[in-house]
Amino acid sequence: MKQLKYFIVYLTLSLFLFPLFPKNVYSYTIYTKPQVLILNSYHNGHEWTDSIVNEITNVFKSKLPGSYISIEYMDTKRISNPEYFEELYKLYKYKYYNQKIDLIISSDNRAFDFLLEYRDELFPNTPVVFCGVNNFNENRLIGHELFTGIAENADIKANLDIALKLHPKTKNIAVITNNTSTNAALRNNLTLAILSKKNKVNLDYIEDTNIEVVQKKISELPSDSIIFLLTPVLKNPDGGLISETDASRLISSTSKIPVYSFWGYYMNNGIVGGMLTSGSNQGRQAAEMGIKLLKGTLISNIPIINNNNSNNLVFDYKQLQYYRINDKLLPKGSTIINAPPKSYIINKQILWFSVFAVILLLMITVIILSITIRKLKNADKALMESEERYRKLVDFLPDAIYVTHNGIMAFSNAAGLKLLGLDNIDELMGQEVMKYISPDPNSLQGWKMSHLLLNNSAMPLHEYKIIKKDGSEIYSESSSIAFPWEGDRALLIVARDITERKQAEEFKRKLEENDNLLRETRELDVLKTEFFANISHELKTPLNVVLSSAQMLEAMNCGNIKFDNSTKMSKYICMMKQNCFRLIRLVDNLIDSTKIDSGYFQLNLKNLDIVSIVEDTTLSVVKYIEDKGINLIFDTEMEEKIIACDCEKIERIILNLLSNAAKFTNEGGRIMVSIKDSISSIIISVKDTGIGIPKDKQDAIFERFVMVDKSLERNHLGSGLGLSIVKSLVELHGGKISLESEPGCGSEFIIELPANLVPETDDSNENNSHPVKVNNNRINIEFSDIV
Ligand code: ADP
């Protein structure tokens with residue numbers, strides 16, 4: 001019951017209040033989906049129409065989602081006669097019969113005209129928001145209260161100003177149009193605008209519909225022309241309709257002069273740009289007006305927009321570039337489409353400078369590179385030539401050159417292969433160096449090489465034997481040096497065959513030996529000759545004395561000669577004896593010398609007191625020496641010294657030296673014999689103050705047959721054998737004899753005998769002291785030369 005009451009109240013209020021609302025006010029209830037019809041003059045795919053439709057649907061989607069939008073395309077570019085519109089009316093009447101449409105948005109003049117004529121019948125009470133209506137005349141809306149929208153005003157003056165500003169030398173404007181009512185109005189406005197200009201500009205109309213004719217006329221236009229594209233309907237030669245965008249592209253592609261227009265849909269299709277109508281602007285404005293209506297705003301509160309505010313300043317970057325239009329001349333607030341990303345928009349001068357700089361840099365780089373390459377090539381060539389030169393030089397060198405790395409052969413020149421008797425380098429490569437070096441100096445050589453590599457030093461010339469391929473050995477002389485080799489260190493060896501030189505040296509050495517032998521033989525021969533002459537003299541002199549003495553004795557015996565007393569007889573006998581001793585001495589020396597030479601001379605060594613032997617021998621000749629007016633002194637610093645010696649030979653040595661000293665020391669002179677102990681040896685010195693021995697004779701004095709005075713008229717007798725026998729006897733004892741002499745001052749013979757002992761024998765044990773008395777005969781013999 002309570003619900004019925006509420007329904008009766010609601011119904012009563014509705015019946016009374018509804019007639020109070022104005023007749024032309026429209027609103028839709030929020031409980032139903034708004035039904036929107038977009039009626040387009042042109043076809044789907046027409047860029048202008050598409051931009052309007054897209055913008056309307058986008059606005060509805062975002063601001064009034066859930067709206068149901070129907071789209072109709074009247075396609076009047078294709079056909080636009082009254083019969084067609086009559087048919088469209090019938091179609092829409094049939095199609096939209098009994099269907100509720102809340103809002104109609106129309107685009108362009110044909111749809112606007114159609115709705116003015118048929119809306120009341122087709123969509124009674126449905127409000128219309130129009131856009132894209134050219135040459136709008138408000139009077140046409142008298143009696144059509146449910147119409148509002150946007151009048152399209154092509155901004156002819158603004159576009160003409162822009163075109164002439166960008167192309168100030170323009171003398172001719174070609175307008176591509178045709179004879180439609182819309183175009184007629186535009187032409188009038190254009191003519192008026194041109195007439196208002198100070199500069200005289202011709203205005204030509206190209207009204208043909210055949211695109212080829214239009215293109216031909218465009219191509220013939222003078223260069224100081226610009227083109228204004230109105231909204232011509234152009235066709236192929238076969239009559240096929242060409243869309244606005246295609247027409248625009250065909251015209252601009254033919255034209256060498258810039259093309260301008262007033263409508264946005266030509267944008268991006270070959271025109272430069274300008275203050276252009278904007279389909280999307282008008283679509284957005286129309287959608288917003290429609291949404292206001294649907295939300296309840298009174299249509300009288302939504303005024304018609306009849307100005308240029310929906311136009312845009314738009315320019316095509318590609319066209320600006322193509323016609324070299326300075327973008328600084330473009331009106332403020334212009335939008336440039338197709339421009340590359342901002343980072344690429346750079347000042348032309350900077351661009352050219354950069355390009356020039358880069359090219360210059362590249363050119364310089366190329367030049368430097370080509371110079372460097374040429375230099376490198378030249379260097380490479382020079383290096384190769386140098387290598388070739390050095391290779392030839394190395395090959396041409398007569399000396400063998402080897403490189404060894406880690407003891408392995410790594411290189412050889414031709415001479416090197418020849419030296420080793422090898423046929424080719426392959427036989428050598430990889431072989432061990434030591435294979436070619438005679439085992440004899442191997443260790444030394446190896447050491448030298450490693451030493452070299454370690455110390456990075458050079459090895460001077462050295463000789464060693466090389467083993468050839470056939471096993472024969474040759475003498476080689478080589479020098480080596482360590483040097484860098486393939487990132488490591490290797491050894492460079494320069495060698496040469498010195499076998500011939502060695503043979504020559506050997507031959508020369510033998511020759512010199514033979515020469516020496518020959519010289520010695522000759523000298524010996526001379527000595528022998530001298531010796532024989534001397535011996536003859538030495539033999540003859542005592543023999544003559546003995547013979548003369550014998551003859552005197554014979555005469556005395558026969559009584560031919562009368563002697564005063566027996567003294568004279570004993571004198572002759574004494575002379576005979578002395579000369580016989582002299583002959584014995586000579587013969588003894590000759591025999592002993594021969595024995596020593598043949599190695600038959602042997603010592604009878606016994607452990608004896610050398611001090612007493614030397615002392616006794618010296619004292620035994622005191623009388624002989626002092627008879628000559630010479631003072632003889634013996635000195636010893638020890639009482640006794642037992643050494644192994646041959647007593648008889650020591651006596652002979654001392655007697656011989658004393659005999660010589662006495663012989664060559666004048667009356668009043670002095671002879672000193674001394675003996676010293678030197679622990680491992682004893683030193684015996686026989687020193688005189690005699691005539692001395694010349695320096696040049698001192699070395700030879702111990703040689704056989706050598707006498708300082710060889711003349712037969714010399715003062716003293718002698719064979720020159722005494723000192724050589726003394727030297728041999730000293731040496732047989734293991735000792736040595738030396739001489740210190742100053743001519744005119746005297747001579748000193750120094751004997752050093754080793755203090756050795758021999759194993760004792762039975763007979764030696766009996767007595768190792770010197771016999772008490774020196775053999776008188778021996779004294780007589782040794783002193784026989786002293787007259
Ligand atoms: P010889 O057996 O003929 O005496 P030596 O060989 O004993 O010959 O001596 C050779 C020479 O050495 C002597 O002829 C003498 O010229 C020289 N000579 C040796 N001893 C002395 C000395 N004490 N003073 C000077 N000349 C000496």
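In listed order, ligands and their atoms are each counted from 1. Because the structure is predicted, anything quoted here is derived from the model rather than measured.
- Under the rule for a side chain to side chain contact (heavy atoms under 4.5 Å, CB included), the partners of Glu432 that lie at least two apart in sequence or sit in another chain are Ile408.
- Proximity of Asn631 to Ile671: side-chain heavy atoms (C-beta onward) are nowhere separated by under 4.5 Å.
- Taking distance alone, with nitrogen or oxygen atoms compared against 3.5 Å, Gly722 approaches ligand 1 more closely than that limit.
- The distance from ligand 1 to the heavy atoms of Ala661 drops below 4.0 Å at these ligand atoms: 23 (N).
- By the criterion of a heavy-atom distance under 4.0 Å, both the backbone and the side chain of Leu723 are placed next to ligand 1.
- Within the 4.0 Å heavy-atom shell around ligand 1 one finds Lys663.
- With a 4.0 Å cut-off on non-hydrogen atoms, Thr665 does not touch ligand 1 at all.
- The distance from ligand 1 to the heavy atoms of Ser747 drops below 4.0 Å at these ligand atoms: 24 (N).
- Between Ile467 and Ile437, the shortest heavy-atom contact is CD1-O, 3.6 Å.
- Nearest to atom 17 (C) of ligand 1 by heavy-atom distance, out of Leu739, Leu657, Ile671, Ile701, is Ile701.
- Taking all heavy atoms of Asn660, Ile691, Val726 into account, the minimum distance to atom 19 (C) of ligand 1 is reached by Asn660.
- Not one N or O of Asn589 is nearer than 3.5 Å to an N or O of ligand 1, by distance alone.
- At under 3.5 Å, not a single nitrogen or oxygen of Gly692, backbone or side chain, sits near a nitrogen or oxygen of ligand 1.
- Note on Lys502 versus Glu506: no salt bridge recorded, every NZ/NE/NH1/NH2 to OD/OE distance being 4.0 Å or above.
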Inset, instruction - Verify side-chain hydrogen bond (donor to acceptor under 3.5 Å, both in side chains) between Asn780 and Tyr624, making sure each step is shown before the conclusion. - result: CA-CA 9 Å; Asn780 289 329; Tyr624 290 87; 2.5 Å; yes
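- Residues Met638 and Ile675 form a side-chain contact, since some pair of their non-hydrogen atoms from C-beta on lies under 4.5 Å apart.
- Within the 4.0 Å heavy-atom criterion, the part of Asp688 lying near ligand 1 is the side chain and not the backbone.
- Under the salt bridge (charged side-chain N to carboxylate O under 4.0 Å, His left out) criterion, the residue pairs touching residues 668-686 are Lys641-Asp677, with sequence neighbours excluded.
- Aromatic ring pairs are classed by plane angle as parallel below 30°, tilted from 30° to 60° and perpendicular above 60°; the pair Phe702 and Phe749 is perpendicular.
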